[in-house]
Amino acid sequence: MDVLALYGLLVLTTLPPLVPNSALLVSVGVLASRGELFLPLILLVVAGSALLGDLLMYLAARRFGGPVRDWMRRQPRRRALLDWTSGRIQRYGLPFVIAVRFLPSGRIAGALASGVLRYPLRKYVLGAGIAEATWATYSVGLGYLGTATTGRPLYAAAIGFGVSCGVAAVGAAIQWAARRRALREPSEGGGEGEGSGPRNGDGEDPGGRASSVAAT
């Protein structure tokens with residue numbers, strides 16, 4: 001495959017969400033370890049296109065907050081995911097904007113919830129940038145380091161796929177445990193996340209106003 005076409009394929013598979021790309025990212029890491037591709041450029045393309053996709057979702061949710069909120073709340077699972085993510089963004093801020101990227105469906109939920117909440121753009125770009133740079137490094141690095149260590153591309157691909165599945169499983173377990181804990185906690189201050197989030201204009205409010213997805 002032509003090198004430029006391969007970089008284009010990387011953009012097409014990392015910019016939109018929910019496109020399976022783990023095998024491709026491990027494969028380009030293998031190619032980079034063999035000197036056929038330039039590793040820093042791969043990382044820049046992968047992280048940059050993923051960040052652009054995150055930013056587009058954030059801006060769409062920020063601009064069309066009402067329709068996005070209505071769409072997310074049509075199904076109980078999407079509604080619970082949006083409310084859960086929004087509450088933790090309000091409570092934990094930037095650290096959760098970074099961490100949510102590694103949870104199942106977290107890329108979409110984090111971008112949409114941040115946009116609906118009107119979380120500050122610069123903080124969102126910083127958090128999403130750190131998250132995507134980390135994700136790109138470990139995804140491509142699995143293939144690169146695996147080949148450098150074992151000397152066998154097929155072993156590297158298998159290791160990369162296994163680690164990716166392991167990370168996804170750990171993220172799902174953390175998300176499940178956090179939701180169960182939230183359900184067990186008594187409701188205080190009118191709902192999850194409100195006790196530690198901005199209230200009545202006191203403290204820093206994401207986007208300049210107190211936002212509660214559950215209340216709008």
Point to revise | Atom of S114, atom of G110 and distance for their closest heavy-atom approach | key: OG-O, 2.7 Å

Practice item. For the pair F102 and T134, evaluate side chain to side chain contact (heavy atoms under 4.5 Å, CB included) and give the outcome as yes or no after the intermediate values. Key: CA-CA 10 Å; F102 301 94; T134 303; 4.0 Å; yes

Check your understanding: Would a line drawn from the ring center of Y58 to the ring center of Y124 be shorter than 6.0 Å?
Key -> yes

Check your understanding: Among the clusters formed by ILVMFWY side chains lying less than 4.5 Å apart, do V140 and V3 turn up in the same one?
Key -> yes

Exercise for review: In sequence, state the C-alpha distance, the side-chain angles, and the governing distance for K123 and V97, and then conclude on side chain to side chain contact (heavy atoms under 4.5 Å, CB included).
Suggested key: CA-CA 9 Å; K123 286 188 176 182; V97 172; over 6 Å; no

Practice item. Measure the CG-CG distance between L51 and L15 for me, rounded to the nearest 0.5 Å. Key: 10.0 Å

Check your understanding: With the 4.5 Å side-chain cut-off for hydrophobic clustering, are V19 and L9 part of the same group?
Key -> no

Revision key, fill the gap. Between the OG atom in S86 and the CZ atom in F96, the distance rounded to the nearest 0.5 Å is 9.0 Å

**Study point:** Side-chain donor/acceptor of S139 to backbone N/O of A136, under 3.5 Å
**Key:** no

Point to revise | ILVMFWY cluster, L12 and L24 together (side-chain gap under 4.5 Å) | key: no

Check your understanding: Looking at side-chain heavy atoms only, is the closest gap between W135 and R101 below 4.5 Å?
Key -> yes

**Study point:** Under 3.5 Å: donor-acceptor pair, side chain of R107, backbone of A50
**Key:** yes

Practice item. Would you give the length of the straight line joining atom OG1 of T14 to atom CG of L25, rounded to the nearest 0.5 angstrom? Key: 7.0 Å

Check your understanding: With no hydrogens and no angle check, is any side-chain donor or acceptor of T85 less than 3.5 Å from a backbone partner on L82?
Key -> no

Check your understanding: Hey, does the side chain of S49 reach the backbone of V46 with a donor-acceptor pair shorter than 3.5 angstrom?
Key -> yes

Check your understanding: Donor-acceptor pair, R78 side chain versus W71 backbone, under 3.5 Å?
Key -> yes

Review point. How many angstroms lie between atom CH2 of W84 and atom CD1 of I89, to the nearest 0.5 angstrom?
Key: 9.5 Å

Check your understanding: Do L145 and F38 belong to the same hydrophobic cluster, where Ile, Leu, Val, Met, Phe, Trp and Tyr are linked whenever their side-chain heavy atoms lie under 4.5 Å apart, directly or via other members?
Key -> yes

Check your understanding: Under 4.5 Å between any side-chain heavy atoms of R77 and S105, yes or no?
Key -> yes

Study note, to complete from the structure: CZ (F64) and CG (L59) are apart, to the nearest 0.5 Å, by 10.5 Å

Practice item. Check step by step if side chain to side chain contact (heavy atoms under 4.5 Å, CB included) holds for I42 and Y7. Key: CA-CA 8 Å; I42 292 174; Y7 283 119; 3.9 Å; yes

Practice item. Please step through side chain to side chain contact (heavy atoms under 4.5 Å, CB included) for the pair Y144 and L39, ending with a clear verdict. Key: CA-CA 9 Å; Y144 186 90; L39 182 61; 3.9 Å; yes

Exercise for review: Working to the nearest 0.5 Å, report the span between CG of L55 and CZ of R62.
Suggested key: 10.5 Å

Review point. Which pair of heavy atoms, one from A61 and one from L112, lies closest together, and at what distance?
Key: CB-O, 3.5 Å

Exercise for review: Spell out, as yes or no, whether a donor-acceptor pair under 3.5 Å connects the side chain of D54 to the backbone of A128.
Suggested key: no

Exercise for review: Give the cluster check for L4 versus V28: same hydrophobic cluster or not, with ILVMFWY residues linked at side-chain heavy-atom distances below 4.5 Å.
Suggested key: no

